[in-house]
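In each ligand, atom 1 is the first atom listed, and ligand 1 is the first ligand listed. Since we're looking at a predicted model, the values are computed, not measured.
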Amino acid sequence: MKTWLSILLTALMGFASAVPSQAQVKARNGMVVSTSGIASDVGVEVLKKGGNAVDAAVATAFALAVTHPAAGNIGGGGFLVCMKSDGAVTTIDFREKAPLKATRDMYLDEKGELIRNENHLSVRAIGVPGTVAGLYKAHQKYGRRPWATLVQPAIDLATLGFEMNWSLAGDAQYFVEQKSPFMSRYFLGETGKPTAPGEVWKQPALAGTLTAIRDRGHDGFYRGEVARKIAGFMQENNGLITEQDLARYEAMERPPVKGTYKDYEIYSMPPPSSGGVALVEMMNLMELADFKKLEFNSAAYVHFLAEAMRRAFADRAEFLGDPDFNPDMPLERLISKAHAKKRYAEIDMSKASVSDSTRFGQLYDGDSTTHFSVMDGEGNAVSLTYTLEYGYGSRMGSTELGFIFNNEMGDFNPIPGTTTSNGLIGTRPNLIEPEKRMLSSMTPTIVAKHGKPYLVIGSPGGRTIINTVFQTVLNVLEFDMEIDKAIEVMKIHHQWLPDRINYEKDLLSPDTGEILRSMGHAVVEQNSLGELMGIRLDAENDVMIGASDSSSSEGKASGY
Ligand code: DON
């Protein structure tokens with residue numbers, strides 16, 4: 001998704017950013033679809049040299065940290081879902097953790113009120129980064145090409161530079177004008193002025209940090225000089241993260257959440273992401289629907305989607321958090337067909353349910369995460385979503401290290417016990433505890449058919465991620481849309497509370513909106529939902545079909 005900054009700047013500066021109409025791209029041997037064409041090409045080069053999908057994913061992720069710094073990162077965290085050619089599926093959880101010094105009430109003042117911006121835009125909003133640990137673990141277990149060869153392309157991009165694009169140049173100008181202490185220096189670099197579109201932008205400090213990671217792997221980030229500098233930065237700025245936090249960080253391999261939809265198997269991310277559980281819950285509900293009466297984009301269809309979303313998000317808020325701190329989450333029950341049947345029975349097809357505002361609410365989610373999808377020619381697939389939370393995360397970093405820290409601590413429930421209809425969730429499973437992972441909505445997903453990858457998909461967008469992935473999967477599986485169409489067509493978002501349907505402007509007919517209102521729904525337009533990056537495998541014809549969402553100005557499906 002373009003960041004709000006770039007959207008604002010594009011409007012202010014009076015130029016239209018180039019939005020290529022990304023039709024589908026076909027390939028036989030391998031494909032990478034990401035929000036940066038440069039990064040997609042880096043991944044495809046790795047495949048061409050004999051790397052597998054995991055190798056390509058590692059190289060793409062490091063390249064995105066250079067070319068798409070709003071969300072591509074080494075200072076944040078995320079999730080990887082991998083299906084191997086033998087049909088086995090696994091996931092790597094590299095979500096950030098709360099520092100050891102974090103406490104449940106750390107964002108509250110003496111009156112128990114949330115200190116403004118403290119959990120989103122302060123040094124104390126930074127979680128212990130997980131990306132390097134996750135990429136390293138994925139490579140150690142499932143990669144094939146030498147580690148250094150996967151980090152090197154990112155080092156080259158940072159050292160030699162790459163052509164500044166309009167979107168990034170807009171962000172740079174914004175931060176320079178705002179005199180944002182770290183971000184303005186980050187973008188000004190050695191030249192002292194922002195790089196104009198078309199000029200080459202270099203990041204020598206980032207290249208140095210990446211070199212330590214290339215040479216020493218996991219330890220290049222979590223121990224030694226880089227770790228000392230991170231801890232030094234935290235100490236100087238009253239942050240919480242110490243060398244001990246970094247040394248103790250470990251990415252976790254976890255079994256995927258598994259569901260089925262008709263003849264398909266769905267694999268997605270388990271907690272600490274809520275994405276997989278909510279996706280499977282909603283797909284189970286959809287399986288019960290009578291699609292003869294639910295034509296795509298009709299009021300009945302949108303109503304049913306919204307009711308499914310409302311229920312899945314209520315369960316999300318009530319039950320989900322870090323599994324290492326919540327051993328009793330009822331995951332099996334939530335993703336069971338029986339649970340869907342119960343939920344289905346509660347849905348009135350003629351009128352909206354009412355979300356109970358005394359129980360669950362919403363938090364503001366940031367505006368930058370990024371997803372990419374990979375398939376290789378051997379039948380391996382990787383679906384990876386990672387984030388800094390807000391666009392450019394905390395907007396803080398060390399000039400010596402050249403990367404941006406996340407502000408992921410904002411994904412914890414900040415006020416224990418306080419849940420409001422339009423502000424906050426305060427449920428227990430996602431309260432802050434030292435070394436706990438904050439609940440996420442990221443939903444990197446692989447749908448399989450007869451044990452082979454069929455669809456690799458994911459998106460940024462905070463809580464909307466779950467719903468945009470859900471609708472794209474449904475569009476392919478139920479409505480037989482090709483991947484590019486499935487990504488582009490109208491999507492909605494409902495998240496329990498606030499109790500309203502958001503829909504994509506110009507894509508829902510005003511008449512349908514009126515019918516939904518008459519059923520009791522609040523209906524609100526928004527510019528766009530999601531920035532999906534997907535690949536579908538047409539196994540019969542031995543073709544991979546990829547598409548990047550047209551809301552990404554630099555996105556590209558790259559294949560060979
Ligand atoms: O983990 C999460 O769910 C959020 N921190 C993701 C934020 C996000 O997707 C912002 N993106 N557009």
Side-chain angles (χ1 to χ4, degrees), residues 1-7 34-35 64 68-73 75-81 91 93-98 119-121 125-131 134 167 171 268-279 312-313 316-317 320-322 362-372 384-395 404-414 425 429-430 436-445 457-470 491 493 495 502 526-533 549 551-553 555:
M1 189 179 301
K2 281 166 71 66
T3 63
W4 63 268
L5 292 174
S6 57
I7 291 166
S34 85
T35 197
L64 279 164
H68 183 63
N73 70 78
F79 303 107
L80 175 156
V81 177
T91 79
D93 160 7
F94 51 100
R95 183 66 160 167
E96 297 92 328
K97 291 177 96 163
N119 63 339
H120 282 296
L121 285 174
I126 304 171
V128 182
T131 296
S167 168
D171 293 353
S268 193
M269 201 61 214
S273 185
S274 57
V277 172
L279 173 66
F313 273 80
R316 171 195 191 275
L320 302 184
D322 183 344
Q362 70 137 10
L363 282 175
Y364 174 73
D365 277 312
D367 58 8
S368 212
T369 298
T370 193
H371 174 84
F372 61 88
L384 190 152
T385 315
Y386 68 157
T387 187
L388 290 167
E389 164 61 352
Y390 280 10
Y392 302 96
S394 63
R395 290 107 199 241
I404 303 158
F405 290 119
N406 69 81
N407 61 334
E408 218 75 53
M409 292 288 286
D411 277 352
F412 277 116
N413 297 349
I425 295 177
N430 190 35
K436 191 176 187 177
R437 288 163 152 93
M438 54 298 279
L439 186 65
S440 172
S441 300
M442 290 187 274
T443 314
T445 297
I457 191 77
S459 178
R463 286 174 203 201
T464 70
I465 295 172
I466 302 172
N467 288 333
T468 57
V469 171
F470 161 53
K491 302 205 170 46
H493 173 68
Q495 58 169 46
N502 289 69
Q526 74 176 67
N527 266 339
S528 75
L529 283 164
E531 189 189 272
L532 294 125
M533 301 285 151
D549 201 319
S551 61
S552 163
S553 58

Note: Leu384 and Pro444 closest approach over all heavy atoms is N-CB, 4.2 Å
Checking heavy atoms under 4.0 Å, the part of His371 that sits near ligand 1 is neither
Inset, instruction - Kindly confirm or rule out an N or O of Thr369 lying under 3.5 angstrom from an N or O of ligand 1. - result: yes
Quick look: Ser441 vs ligand 1, heavy-atom contacts under 4.0 Å, and the answer is both
Quick note on ligand 1: atoms under 4.0 Å from a heavy atom of Ile465 include exactly 9 (O)
If you compare Ser459, Gly275, Gly391, Ser440 by their heavy atoms, the one closest to atom 1 (O) of ligand 1 turns out to be Ser440
Practice problem: Spell out, as yes or no, whether a donor-acceptor pair under 3.5 Å connects the side chain of Ser394 to the backbone of Phe405. | Solution: yes
A student checking ligand 1 against Asp411 at a 4.0 Å heavy-atom cut-off should list atoms 1 (O), 2 (C), 3 (O), 4 (C), 5 (N)
Is there at least one pair of N or O atoms, one from Leu439 and one from ligand 1, spaced under 3.5 Å apart? no
Taken in chain and number order and not counting sequence neighbours, the residues that satisfy ring pair (Phe, Tyr, Trp, His ring centres under 6.0 Å) with Tyr386 are none
Legend entry - Any donor-acceptor N/O pair, Asn119 side chain to Asn413 backbone, under 3.5 Å: no
So, does Asn467 use its side chain to make a donor-acceptor pair with the main chain of His493 at under 3.5 Å? no
Going by the 4.0 angstrom heavy-atom rule, the piece of Arg463 near ligand 1 is neither
* So is Gly462 polar-close to ligand 1, meaning N/O to N/O under 3.5 Å? -> yes
- Verdict with reasoning, Ser441 to Arg316, per side chain to side chain donor-acceptor pair (under 3.5 Å): CA-CA 9 Å; Ser441 300; Arg316 171 195 191 275; 2.8 Å; yes
